[in-house]
Amino acid sequence: MLTRIDDYRWEIPITYKPGMRVPGLIFSDEQMLRHIQDEQSLEQVANVAFLPGIVGRSLAMPDIHWGYGFPIGGVAATRVDDGVISPGGVGFDINCGVRLLRTNLTEREVKPKIERLLADLFINVPSGLGSKGKIRLKGNEIDKLLLKGAGWAVAAGYGEPEDLEFTEDHGCLKGADPDKVSIKAKTRGTPQSGTLGSGNHFLEIQVVDEVYDAGIAQAFGIEEKGQILVLIHTGSRGFGHQVCDDYLKTMGTAVRNYGIDLPDRQLACAPVNSPEGQSYLAAMACAANYAWANRQCITHWTRESFSRVLGKSPRDLGMRLVYDVAHNIAKIEKHQVEGKKLTVCVHRKGATRAFPAGHPDIPEAYRKVGQPVLIPGDMGRYSYVAVGTEKAMEETFGSTCHGAGRAKSRSAARRSISGADVAAELAAKGIAIQVANIASLAEEAPAAYKDVAEVMHITDAAGISPRVIKARPIGVIKG
DNA sequence: ATGTGC
């Protein structure tokens with residue numbers, strides 16, 4: 001099924017399955033391929049290549065694993081003129097993403113207070129499955145949040161206007177239309193705004209452990225080993241899930257109405273320019289904005305807790321936002337395809353935008369170095385900051401990986417790993433934890449994930465997102 | 001990921 005192009009690129013030829021419109025391209029190496037060879041995820045890469053209007057290649061990042069329709073770690077660009085949009089190419093957790101804060105603090109200052117800090121954060125940042133937040137949205141306030149995203153949160157007193165400058169799309173995707181969102185989605189979303197959620201969502205206090213490119217790190221506000229960072233990983237909670245659910249039904253009907261031929265029902269889609277396609281994009285933008293508002297509120301409470309426990313103002317603590325980037329989203333972007341500038345719908349599902357230096361869509365302060373790419377690992381090992389490149393623009397529509405990728409399913413992890421053992425392992429490594437649900441400790445165990453260092457080795461060597469720094473956790477909040 | 005499920 002796979003043809004080796006070079007050490008880090010593997011092709012699924014267009015002839016693999018009749019109906020593929022473009023070849024598949026997987027960024028991986030021999031070692032990583034052993035993890036995925038027997039899974040259905042490669043079949044999903046081939047299936048995505050059937051989508052009407054797909055251009056370039058059906059792409060997969062090194063952290064690819066099986067998902068709904070599209071693989072997680074999949075990227076596909078479709079022509080806006082005559083191509084389709086597919087909710088399965090975005091995922092259930094619309095605008096699941098990562099946000100990184102820098103601080104002036106060092107490990108030495110924080111370590112003695114880590115337990116108090118975690119305890120304060122755990123109370124201040126609502127977390128856990130089905131958890132409700134402390135924001136009370138009344139009347140049509142939810143619609144304003146859906147229209148304005150992170151800007152709503154800042155206007156409501158959660159964070160600083162400067163935060164928006166360092167958020168992808170300033171934390172607000174254009175074209176959001178709350179009228180395209182079901183009452184059910186709004187009902188689920190209203191009490192959950194400003195909550196971390198569960199599963200692999202987390203808030204981590206980390207220490208800079210290795211610096212690969214001091215110049216770029218410096219531009220991002222990361223100065224040295226030992227510096228404290230905060231990484232926040234969450235999405236659009238039940239709201240985005242409901243939006244996805246609603247539109248999968250709509251798209252199921254659209255596939256029949258427009259006579260779209262697909263190898264898998266889960267790839268349900270509609271022409272980008274159809275009423276169904278446009279409605280999904282408008283609802284998806286609402287969910288993206290919900291997630292950005294969510295991460296913005298959590299940022300505010302994080303600053304509050306640090307300030308309270310360390311007895312300094314957030315400004316003195318230097319808790320500036322490095323960046324906030326989505327890894328489950330579809331975006332209308334212009335890309336060079338076979339020598340021509342084309343407007344495409346880039347589906348990034350478990351894939352991070354990685355725009356190069358000079359791109360107008362990245363913050364002015366980073367224009368000379370490129371977009372920060374935030375890659376969470378697992379709670380026992382490390383996470384990375386990388387940077388977007390021109391090569392990513394050429395080869396992957398400006399995209400890269402999004403994390404470690406699971407090595408064991410949730411159920412397999414529960415069967416083979418004990419939560420108590422994980423707690424002991426983390427304690428032995430000096431990593432403090434606060435968990436809403438003890439069962440999630442086994443599911444989220446380091447052993448349930450692949451080594452994110454292997455993933456980053458590939459994206460670095462392939463040139464689509466070179467490493468800038470590595471950070472290790474010293475305190476973890478899990479939903 | 002998610003009030004784990006039609």
Side-chain angles (χ1 to χ4, degrees), chain A residues 41 44 63-74 86-99 126-133 181-203 232-249 252-253 265-266 268 283-284 286-288 290-292 294-295 298 325-330 347-352 376-379 401-415 435-445 448-449 477-479:
Chain A
S41 56
Q44 292 188 317
D63 49 336
I64 178 179
H65 53 115
W66 182 83
Y68 185 93
F70 276 59
I72 294 159
S86 175
V90 172
F92 278 87
D93 190 2
I94 296 166
N95 191 4
C96 185
V98 194
R99 169 176 283 226
S127 64
L129 184 66
S131 63
K132 289 179 181 176
V181 172
S182 69
I183 298 293
K184 196 175 177 187
K186 290 184 194 178
T187 306
R188 277 181 79 174
T190 297
Q192 290 187 339
S193 68
T195 63
L196 195 61
S198 68
N200 72 351
H201 289 164
F202 63 73
L203 187 156
I232 296 161
H233 178 207
T234 182
S236 52
R237 311 286 288 103
F239 181 85
H241 193 275
Q242 190 62 48
V243 167
C244 182
D245 216 34
D246 292 340
Y247 278 93
L248 281 172
K249 288 190 191 84
T253 314
R265 242 200 201 140
Q266 294 185 350
M284 185 206 73
C286 287
Y290 182 100
W292 273 315
N294 194 24
R295 292 196 286 273
I298 292 171
V325 67
H327 54 224
N328 275 7
I329 201 161
H347 300 71
R348 295 191 182 93
K349 185 196 197 173
T352 310
D378 63 76
M379 61 182 164
C401 63
H402 85 306
R406 293 199 81 89
K408 287 187 163 117
S409 70
R410 292 187 178 280
S411 52
R414 271 201 308 269
R415 277 196 303 273
V435 218
N437 174 11
I438 198 76
S440 73
L441 217 47
E443 293 180 8
E444 295 301 318
Y449 283 90
I477 289 182
K478 272 278 181 190

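Sequence lines set the chain letters: A, B, ... in the order given, protein chains first and strands last, and positions in each chain run from 1.
Nucleic acid contact for A:K349: none, since no nucleic acid atom lies under 4.0 Å from a heavy atom of the residue. Using a 4.0 Å heavy-atom criterion, one finds that A:G235 contacts no nucleic acid atom at all. Note on A:E443: nothing from the nucleic acid sits closer than 4.0 angstrom, heavy atoms only.
What separates OH of A:Y68 from P of B:dT2 is a distance of 18 Å, to the nearest Å. When the P atom of B:dC6 is taken as reference, atom CG of A:D245 falls 10 Å away, rounded to whole Å. Put simply, NZ on A:K184 is 16 Å from P on B:dT2, counting in whole angstrom units. A:N437 places its CG atom 12 Å from the C1' atom of B:dT4, with the value rounded to the nearest Å. Rounding to whole angstrom units, NZ of residue A:K249 and C1' of B:dC6 are separated by 10 Å. As rounded to whole Å, 10 Å separates atom C1' of B:dT4 from atom CZ of A:R410. Taking atom CD of residue A:Q242 and atom C1' of nucleotide B:dT4, one finds them 14 Å apart after rounding to whole Å. Across the protein-nucleic acid pair, A:R237 atom CZ and B:dT2 atom P stand 5 Å apart, rounded to whole Å.
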A:H233 and A:H402: CA distance, side-chain angles, deciding distance, ring-ring contact (aromatic ring centres under 6.0 Å, His included) verdict: CA-CA 11 Å; A:H233 178 207; A:H402 85 306; 7.7 Å; no
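The closest donor-acceptor contact from the side chain of A:Q242 to the backbone of A:K184 lies at 3.5 Å or more, if one exists at all. Checking side-chain atoms of A:E444 against main-chain N and O of A:K478 turns up no donor-acceptor pair under 3.5 Å. Of the possible donor and acceptor atoms, one in the side chain of A:T352 sits under 3.5 Å from a partner among the backbone N and O of A:C401.
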